[in-house]
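We use all heavy atoms of the structure for the numbers below, so side chains are in, but hydrogens, waters and symmetry mates are not. Just so it is clear, the model here is predicted, and its values are computed rather than measured.
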Amino acid sequence: MSNYHIKNFPEYYHVYRNSVRNPALFWEEIAEEHFIWKKKWDKVLSWDFTKPEVKWFDGAKLNITENCIDRHLATRGNKTAILFEPNNPNEPSEHITYNQLYKRVNQFANVLKTQGIKKGDRVCIYVPMIPELAIAVLACARIGAIHSVVFAGFSSTALATRINDADCKMVITADGSFRGDKTIDLKGIVDDALEHCTSVKKVLVAKRINSNVTMKAGRDFWLQPLLDKASDDCEAAEMDAEDPLFILYTSGSTGMPKGMVHTTAGYMIYTAYTFKNAFQYKENDVYWCTADIGWITGHSYIVYGPLANGATTVMFEGVPSYPDFGRFWQIVEKHKITQFYTAPTAIRALAKHGTTFVDTYDLSSLKVLGSVGEPINEEAWHWYNDSIGKKKSPIVDTWWQTETGGIMITPIPFVTPTKPTYATLPFIGIQPALLDENGKEIEGNQVEGKLCIKYPWPSMARTIWGNHKRYKDTYFSAFENMYFTGDGALRDEVGYYRITGRVDDVIIVSGHNLGTAPIEDAINEHQAVAESAIVGFPHDIKGSALYGFITLKDVSDYRDHDNLRKEINQLISDKIGPIAKLDKIQFTAGLPKTRSGKIMRRILRKIASKDTANIGDTSTLLNPECVQEIMDNSL
Ligand code: PRX
């Protein structure tokens with residue numbers, strides 16, 4: 001009997017040891033005992049990080065939706081699978097049982113088929129947090145279409161780039177979305193994007209805000225009438241273990257986002273197993289992850305991981321501040337939430353209001369609290385622990401990435417003693433390593449280095465869509481025979497890991513992973529801009545915020561700097577989305593450069609974080625004189 005559910009620390013230790021001594025055997029037992037297969041595998045694992053190529057359960061046939069839905073029908077048919085909580089607290093919540101989910105996914109899958117979608121086709125899903133989003137994702141998986149969910153807060157340009165990169169045949173969207181007291185015209189954004197996309201033949205539109213949208217004849221269809229006509233019976237496509245399940249874009253160090261490709265069997269097993277253990281999910285628990293399904297957290301821990309365990313998973317359409325800062329806690333009380341998983345930025349924003357909004361609600365149902373997306377600072381950790389968890393609900397600080405598919409370093413609640421700001425120990429099967437500048441592994445404890453993973457795990461991304469070379473260069477070239485995460489970490493005296501932050505050009509703002517290059521590219525498109533450099537600086541709520549240093553082509557033309565700042569932020573908003581707007585913009589005469597012309601972001605980072613005492617030697621710069629000018633005028 002495999003150790004599917006870890007209950008105490010000695011057991012964690014024992015299982016962990018087995019999982020790394022013989023990973024193939026370990027994961028094979030989990031796969032055998034806890035999932036359903038149309039055909040078993042020929043080989044559990046084959047891998048070569050030099051290519052890189054990784055295959056789990058090669059030769060196996062399965063469909064992930066049978067594991068997430070069909071197999072629960074006999075025992076949990078009337079159990080709530082998805083609990084939808086709308087933006088407006090006066091609108092009723094919706095309980096979708098496993099029986100209903102089965103029918104709705106099948107109907108949607110049949111609509112996809114009649115609209116020409118086949119196995120392997122890419123479908124872009126640009127839908128707000130309404131049930132149709134989860135159902136669309138599952139419907140694609142049902143027929144073997146590859147879903148590419150784009151967060152419905154991205155701009156039309158960002159959407160078009162992603163549609164074109166994956167050559168999507170269809171876009172699924174909604175007329176609009178509710179966000180607090182605002183509405184967003186999603187269909188309008190899609191229409192703008194599609195001006196630049198030739199691959200899209202059909203657009204399915206869910207009705208959410210009842211706005212007047214333009215429907216292009218022959219291309220655009222209202223979803224509901226098609227669903228009403230569709231059969232609720234749809235055979236699940238037989239997929240290979242290594243068939244792509246989805247593409248999900250994440251920022252990189254060049255302007256082009258990276259379409260991370262996740263495959264079927266390994267992703268399913270790992271997200272299911274981590275969900276069960278990292279949240280200690282029990283049969284009648286009501287689990288809530290506040291993320292959007294547009295991010296990996298939502299894919300793995302709103303949809304696939306919970307449903308593979310027959311769990312009840314909450315989908316929340318709204319924002320933490322609407323109608324007031326008590327909304328999260330009101331939902332916890334209303335649905336008797338047992339596991340609550342959110343991001344440090346939300347915790348900090350809520351903590352700012354003390355406990356006024358917390359004390360009104362009964363939070364006694366909570367058993368486990370989770371954190372994800374960025375390092376959680378000590379103050380936020382304690383507020384979460386004391387005011388929300390009442391010191392009785394362990395906080396699982398889960399470290400992982402879009403690329404890793406599932407949680408990699410985390411405490412297991414009630415098993416691993418927690419430590420504020422530490423993600424603690426590697427999850428079962430995960431072999432982390434810290435490397436020094438020379439690519440040598442740093443052994444022992446109380447050390448710091450670049451965080452790598454030494455051995456494949458089932459849910460790792462297999463490639464970047466259409467660009468395997470970039471996959472190799474980004475993740476497997478920095479260190480020999482290792483997956484490089486892009487993060488720095490330290491290991492304390494007992495072997496606990498603490499993530500210290502990115503060591504590359506990615507900045508995490510409010511838990512969103514933003515590459516500096518695409519933002520700089522957007523800014524440089526402004527006719528007044530000669531050059532720009534973006535760095536992060538510490539921010540109370542967002543964790544990090546963006547600081548732009550910008551040189552202008554002709555300063556005299558643009559004396560109204562405030563207006564120019566607005567134009568630049570509007571441009572960023574249009575090209576990427578409002579999440580990438582700059583908090584501070586400083587116009588400078590020059591940017592510090594090395595003699596080879598590379599902008600020295602290290603110096604700008606020091607200036608932005610007001611740490612000019614440690615700016616270091618600037619004498620080797622091409623233009624050292626600009627540093628003083630930038631310091632004098634810093635914001
Ligand atoms: O820097 C790490 C940070 O978020 C990055 C991954 O971002 P993304 O692919 O958008 O996925 C976020 C959700 C899994 C990581 O490289 N990060 C994520 N979780 C943590 C974290 N940093 C510190 N502590 C965490 N728990």
Side-chain angles (χ1 to χ4, degrees), residues 31-42 56-77 79 81-82 96-123 125 131-149 169-170 172 204 223 226-227 229-247 261-272 275 293 299-300 302-311 313 458-459:
E32 283 269 5
E33 290 175 22
H34 301 281
F35 298 90
I36 53 169
W37 304 89
K38 289 176 187 283
K39 173 186 171 283
K40 294 275 169 73
W41 43 93
D42 302 321
W56 283 94
F57 305 101
D58 204 23
K61 306 269 187 200
L62 74 157
N63 188 290
I64 195 169
T65 66
E66 288 184 329
N67 281 277
C68 287
I69 307 171
D70 304 34
R71 67 165 160 153
H72 305 309
L73 298 181
T75 50
R76 303 183 177 105
K79 177 179 176 176
I82 294 176
I96 302 171
T97 66
Y98 275 93
N99 281 331
Q100 291 164 335
L101 185 64
Y102 172 79
K103 292 187 174 163
R104 289 178 66 173
V105 167
N106 282 343
Q107 281 173 327
F108 208 131
N110 283 323
V111 169
L112 294 178
K113 280 200 213 166
T114 52
Q115 296 303 318
I117 298 299
K118 301 196 175 56
K119 187 170 169 174
D121 286 345
R122 274 79 58 208
V123 174
I125 303 179
E132 284 78 359
L133 171 54
I135 293 167
V137 160
L138 293 162
C140 286
R142 188 82 178 169
I143 64 166
I146 303 171
H147 56 79
S148 168
V149 182
K169 242 172 130 172
M170 172 185 275
I172 302 169
L204 304 184
L223 179 62
L226 297 177
L227 289 171
K229 276 189 276 173
S231 151
D232 58 18
D233 192 14
C234 175
E235 202 187 326
E238 186 171 279
M239 305 303 290
D240 286 336
E242 283 296 334
D243 274 340
L245 173 64
F246 65 87
I247 303 170
V261 177
H262 283 283
T263 58
T264 309
Y267 176 83
M268 169 182 81
I269 289 165
Y270 194 78
T271 53
F275 173 76
I293 294 176
H299 281 60
S300 302
I302 295 178
V303 182
Y304 289 115
L307 296 178
N309 283 283
T313 177
S459 67

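- Ring-plane geometry between Tyr267 and Phe246 is classed as perpendicular, the angle between the planes exceeding 60 degrees on a 0 to 90 degree scale with a lower cut at 30.
- Gln115 places a side-chain heavy atom less than 4.5 Å from the side chain of Val111.
- Formation of a donor-acceptor pair under 3.5 Å by the Tyr98 side chain with backbone atoms of Ala311 is found in this model.
- Closest approach of Ile293 and Ala134 over heavy atoms only: CD1-CB, 4.1 Å.
- Residues Arg122 and Ser148 bring no donor and acceptor atom of their side chains to less than 3.5 Å of each other.
- Ile64 approaches Met268 most closely through the heavy-atom pair CD1-CB, 3.6 Å.
- Of the possible polar contacts, none joining the Asp232 side chain to the Gln107 backbone as a donor-acceptor pair under 3.5 Å is found.
- Side-chain contact between Asp240 and Lys61: present, with at least one pair of heavy atoms (C-beta onward) separated by less than 4.5 Å.
- Across every non-hydrogen atom of Tyr304 and Cys68, the tightest pair is O-SG, 3.7 Å.
- Pairing each heavy atom of Ile117 with each of Val123, the nearest pair is CG2-CG2, 3.9 Å.
- Once rounded to the nearest 0.5 Å, the distance linking CD1 of Ile69 with CG of Leu138 reads 5.0 Å.
- Heavy atoms from other residues, nucleotides or ligands lying under 6.0 Å from CD of Glu235 number 12 at most.
- Judged by distance alone, the side chains of Asn106 and Arg142 do bring a donor and an acceptor atom under 3.5 Å apart.
- The side-chain heavy atoms of Met170 and Leu204, taken from C-beta on, include a pair separated by under 4.5 Å.
- Judged purely by atom type and a 3.5 angstrom limit, Lys169 uses its side chain to pair as donor or acceptor with the backbone of Gly116.
- The minimum heavy-atom distance linking Ala136 with Ile172 is given by the pair CB-CD1, 4.0 Å.
- Side-chain contact between Ile36 and Leu62 is absent, with no heavy atoms from C-beta onward closer than 4.5 Å.
- A 4.5 Å side-chain heavy-atom check between Leu307 and Leu101 finds at least one atom pair inside the cut-off.
- Counting heavy-atom neighbours within 6.0 Å of Lys79 NZ, excluding the residue itself, gives a total above 12.
- How far CD1 of Ile269 is from CZ of Phe57: 3.5 Å, rounded to the nearest 0.5 Å.
- Here His147 and His299 bring their ring centres to under 6.0 angstrom of each other.
- Ser231 and Asp233 share no donor-acceptor pair across their side chains, judged by distance under 3.5 Å alone.
- The shortest distance between side-chain heavy atoms of Lys119 and Asp243 falls below 4.5 Å.
- Of the possible polar contacts, one joining the Asn63 side chain to the Ala237 backbone as a donor-acceptor pair under 3.5 Å is found.
- By the 4.5 Å heavy-atom criterion applied to side chains, Phe35 and Arg71 are counted as neighbours.
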task: Before giving the answer on side chain to side chain contact (heavy atoms under 4.5 Å, CB included), spell out for Val149 and Leu133 the whole-Å C-alpha distance, their side-chain angles and the decisive distance to 0.1 Å.
output: CA-CA 9 Å; Val149 182; Leu133 171 54; 4.1 Å; yes
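- Lys40 is listed as a side-chain neighbour of Glu32, based on a closest heavy-atom distance under 4.5 Å.
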Test side chain to side chain contact (heavy atoms under 4.5 Å, CB included) applied to Asp58 and Asp42, step by step: CA-CA 6 Å; Asp58 204 23; Asp42 302 321; 5.8 Å; no
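- Between the CH2 atom of Trp56 and the OG1 atom of Thr263 there is a distance of 11.0 Å, given to the nearest 0.5 Å.
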